[in-house]
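Below, chain A is the first sequence line, B the second, and so on; all start at residue 1. Since the structure is predicted, the reported quantities are computational estimates derived from the model, not experimental observations.
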Number of protein chains: 2
Amino acid sequence: MQKHSNKRRTTILDVAKKAGVSKTTVSRYLGKQYDELAADTRKKIEAAIEALDYKPNRMAAGLKGGRSYLIGMVVADITNPFTTKILHAAETLCRNKGYSLMVCNTNNDPQVERDYIFMLQSHRIDGLIINTTGKNNQFLTQMAEQKTSVVLVDRKIPELGFDSIGVDNITATEEAVQFLISKNYESIAFFSEPIDGVSTRRERLSAFQSVLAMHGNSSMQHVYEADFSQTLDLEDKLDHFLKSTKGKKRAIFSANGVVSLGLIKAMKKRGLVIPDDMAIIGFDDPDWAEIHTPALTTISQPTTAIGRTVIERVFKRIEGDTAPPKDIVLPAELLVRHSTI
Amino acid sequence: MQKHSNKRRTTILDVAKKAGVSKTTVSRYLGKQYDELAADTRKKIEAAIEALDYKPNRMAAGLKGGRSYLIGMVVADITNPFTTKILHAAETLCRNKGYSLMVCNTNNDPQVERDYIFMLQSHRIDGLIINTTGKNNQFLTQMAEQKTSVVLVDRKIPELGFDSIGVDNITATEEAVQFLISKNYESIAFFSEPIDGVSTRRERLSAFQSVLAMHGNSSMQHVYEADFSQTLDLEDKLDHFLKSTKGKKRAIFSANGVVSLGLIKAMKKRGLVIPDDMAIIGFDDPDWAEIHTPALTTISQPTTAIGRTVIERVFKRIEGDTAPPKDIVLPAELLVRHSTI
DNA sequence: TTGTAAGCGTTATCAG
DNA sequence: CTGATAACGCTTACAA
């Protein structure tokens, strides 16, 4: 049985009384304005806080002080290891700064994203880190106008004038596709979730296309956008690729880790052998890439660095930096393993 | 460049004026006490809110009303797919209820956990969902005394009197070990992170031991607690198992998905073939279990159900349910695949 | 059905 | 260095 005692929670006033000083003085202590406090008073306050087990009320502080110590983190898929690793890094730094993270998962649904934006606004978050669907630009702009610092992760939207952090998708994709070409693959497919204006996907696709345009004939190139909400769509598209490239040396460039997983499941189901029947190279480097048989050739994103950088940017903004928006581009790394020959 | 206009944010008073009613009336509208409102007034308020793009301030509401609409979720490893799936389910339900989730990752560090508990207390969270280290019981009790509803996930601590949600570790482990015995494995190892009082680990270990005690001779049973903070500890222990069971038909029972991953990496590094050189069966059913070669035999936990149930419990408590604590035990499922012969 | 007024627990302003 | 006192934006008796 949970007992909720109903004695009033102890407030700053209780502490003040116990320490024999005024609320104001205690508030100064809480605000770490130690230089304005006599060492002696400070000790008394410390003792009182300890004795009363006082926990300051952030809602009250926020109401008056205009700071919530809350950061919103809106992600598209919290189940994706890529997301999770960024989150992990971000979360640690937040804690060190005394901030808390409110995590929101949108499933790439613009309506859900919008609901979250409003909800976060109601909590008066100080900063917002968002992996956006790109369909709520207007609301993001509004947020920024109302004192929350917005930083984009992974996907960028230049018009918005926000800081953004991501990897160099163009270079990484070019490198991967060139690698495939150098291995004499004759038919190369690009598999992705629907591009739908998502910058990351668009960049990867266009790099894919431009490299192939330079090197091969157009029949070499196959682009598939699979709808993951329909169970069989990915498989159908894989079958299509299979049928239309009989006898060719085939490879797939997978636009992210989730797609890779789906693809591999489908291949396994069809008894396809990697890399003999079909090679695969994928963006993102999930834990299992290394233990898969054969080990997966991947493009690894510096997730920890992304997470750190993102948080650093938000805090810079929260602390008042008004420099022009930074578009931070980190390098991704091609890890050649054995799913490509 | 982020422009932060400094015009005062619009408040409930602005809405009241615009609608030609009082703050109170608007507040009633916000509190969805529609039956106390004339249809006409309600429309005027709606219009005013729309026109002014008013966003209620939860901090102010919370300060007065004693509800923060915040739920804290403290997990041990946000990078673990098991965690992430629960989180996903929990998060969705929270949104539907108008609550937000503050996610905190402890890395199983009691000090970090404590810091988070305090931080969450400062935000006056209405509910706490925690996968606890078990080393901060005193503080959890305090929280409950101060009107925060606490629910334990995965790991339980009966003395505390909180609701808890988890799977039937005993039965699931027994089933798995019996399965191994039925396949005539001669040496069976239990690999886990340090037991250290964590209920889940303790339950799995004791079920493992009791089944083997009934069936085999004591030399059949090997227990290893690996320290994952030391890179080579797991590998050393694997080598020890290997050396001490030469010529035997060997199997490993892995206590969770992270351990399984580490184990498989180590085996791969040593050129060990699963299941010929060594079988493996593991708690948790990560995405990659199915595509691994050979596909992994696992014990799958109903993560989505766990997430849903956890949230349901917290809300019940938040809404004032004072029934005795429920210890909810969900079934886990043995998925026999091919890492065991 | 609606309004008045008194807080909720802080911080900020201004004196001392 | 310290202390009154007025906000902050909302909810909730209590009235009307």
Side-chain angles (χ1 to χ4, degrees), chain A residues 6-45 48-49 52-70 98 121-126 146-147, chain B residues 6-45 48-49 52-70 98 121-126 146-147:
Chain A
N6 34 6
K7 70 170 183 294
R8 205 176 47 77
R9 263 180 162 277
T10 103
T11 78
I12 201 175
L13 195 62
D14 302 319
V15 176
K17 275 183 195 145
K18 179 115 186 170
V21 298
S22 74
K23 296 196 305 176
T24 311
T25 307
V26 178
S27 178
R28 288 205 183 87
Y29 171 83
L30 296 174
K32 299 195 200 305
Q33 309 171 27
Y34 300 135
D35 41 339
E36 300 178 15
L37 287 184
D40 173 50
T41 352
R42 179 173 165 178
K43 283 211 184 87
K44 282 189 295 186
I45 296 177
I49 288 183
L52 298 175
D53 187 35
Y54 166 70
K55 298 284 182 320
N57 183 331
R58 279 257 161 98
M59 292 196 292
L63 180 56
K64 181 66 197 167
R67 245 183 185 20
S68 61
Y69 288 92
L70 253 22
Q121 262 181 302
S122 275
H123 284 285
R124 299 294 189 266
I125 55 171
D126 294 335
Q146 292 172 359
K147 305 193 25 120
Chain B
N6 34 6
K7 70 168 182 299
R8 204 176 48 77
R9 260 177 164 280
T10 104
T11 77
I12 201 175
L13 196 61
D14 302 318
V15 176
K17 276 183 195 145
K18 178 115 186 169
V21 298
S22 75
K23 294 198 307 178
T24 312
T25 308
V26 179
S27 177
R28 289 205 182 89
Y29 172 82
L30 295 173
K32 298 195 202 303
Q33 309 170 28
Y34 300 135
D35 42 338
E36 300 179 15
L37 287 183
D40 171 53
T41 349
R42 180 172 165 181
K43 283 208 184 91
K44 282 190 296 188
I45 296 177
I49 289 183
L52 298 175
D53 188 36
Y54 167 69
K55 298 284 183 318
N57 183 331
R58 279 261 161 95
M59 293 196 292
L63 181 55
K64 181 65 196 169
R67 244 181 184 24
S68 61
Y69 287 91
L70 253 22
Q121 263 182 302
S122 275
H123 284 286
R124 300 294 188 265
I125 56 171
D126 295 334
Q146 292 171 358
K147 304 196 20 123

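Each of B/A60 and B/T41 was assigned the nucleotide of DNA chain C with the nearest heavy atom; the assignment lying further toward the 5' end belongs to B/T41. When each of B/N57 and A/L37 is assigned the nucleotide of DNA chain D with its nearest heavy atom, A/L37 is the one assigned upstream, toward the 5' end. A residue-by-residue look at A/A38 and A/G65 shows that A/A38 has its nearest nucleotide of DNA chain D further toward the 5' end.
Look at CZ on B/R67: it is 18 Å from P on C/dC8, rounded to the nearest Å. In this structure, the CD atom of B/Q33 is 10 Å from the P atom of D/dA13, given to the nearest Å. For the pair B/R124 CZ and C/dC8 P, the computed distance is 14 Å after rounding to whole Å. Rounded to whole Å, the distance from CD1 on B/I45 to P on C/dT1 is 13 Å. One atom, CZ of B/R42, and another, C1' of C/dT2, lie 16 Å apart when rounded to the nearest Å. One atom, CD of A/E36, and another, C1' of C/dG16, lie 15 Å apart when rounded to the nearest Å. The distance from atom CD of A/Q121 to atom P of D/dG9 is 15 Å, rounded to the nearest whole Å. Atom CG in B/D14 sits about 13 Å away from atom C1' in D/dC10, given to the nearest Å.
A/D35 comes within contact range of the sugar-phosphate backbone alone, with a heavy-atom separation under 4.0 Å but no base atom that close. Residue A/Y54 is in sugar-phosphate contact alone, with no base atom involved, counting any heavy-atom pair closer than 4.0 Å across all strands shown.
Proximity of a side-chain donor or acceptor of B/S122 to a complementary backbone N or O of A/P56 within less than 3.5 Å is detected. Looking only at distances, a side-chain donor or acceptor of A/D126 sits under 3.5 Å from a matching main-chain atom of A/S68.
In this structure the side chain of B/T25 reaches within 4.5 angstrom of the side chain of B/I45, judged on heavy atoms.
Relative to the six-membered ring of A/Y34, A/R42 meets both conditions, a distance below 6.0 Å and an angle of at most 45° to the axis.
In the interface, the side chain of A/K64 is paired with the base of D/dA7 through a donor and an acceptor atom under 3.5 Å apart.
Counted within 6.0 Å of OH on A/Y69, heavy atoms from surrounding residues, nucleotides or ligands total 12 or fewer; the atom is thus considered open.
Defined by atom type and a distance below 3.5 Å, a donor-acceptor pair is missing between the side-chain atoms of B/S27 and B/T24.
Annotation: the span from A/R28 atom CZ to A/Q33 atom CD amounts to 7.0 Å, rounded to 0.5 Å.
Contacts between residues 20-31 of chain A and DNA chain D, defined by a heavy-atom separation under 4.0 Å, are made by A/V21, A/S22, A/K23, A/T24, A/T25, A/R28.
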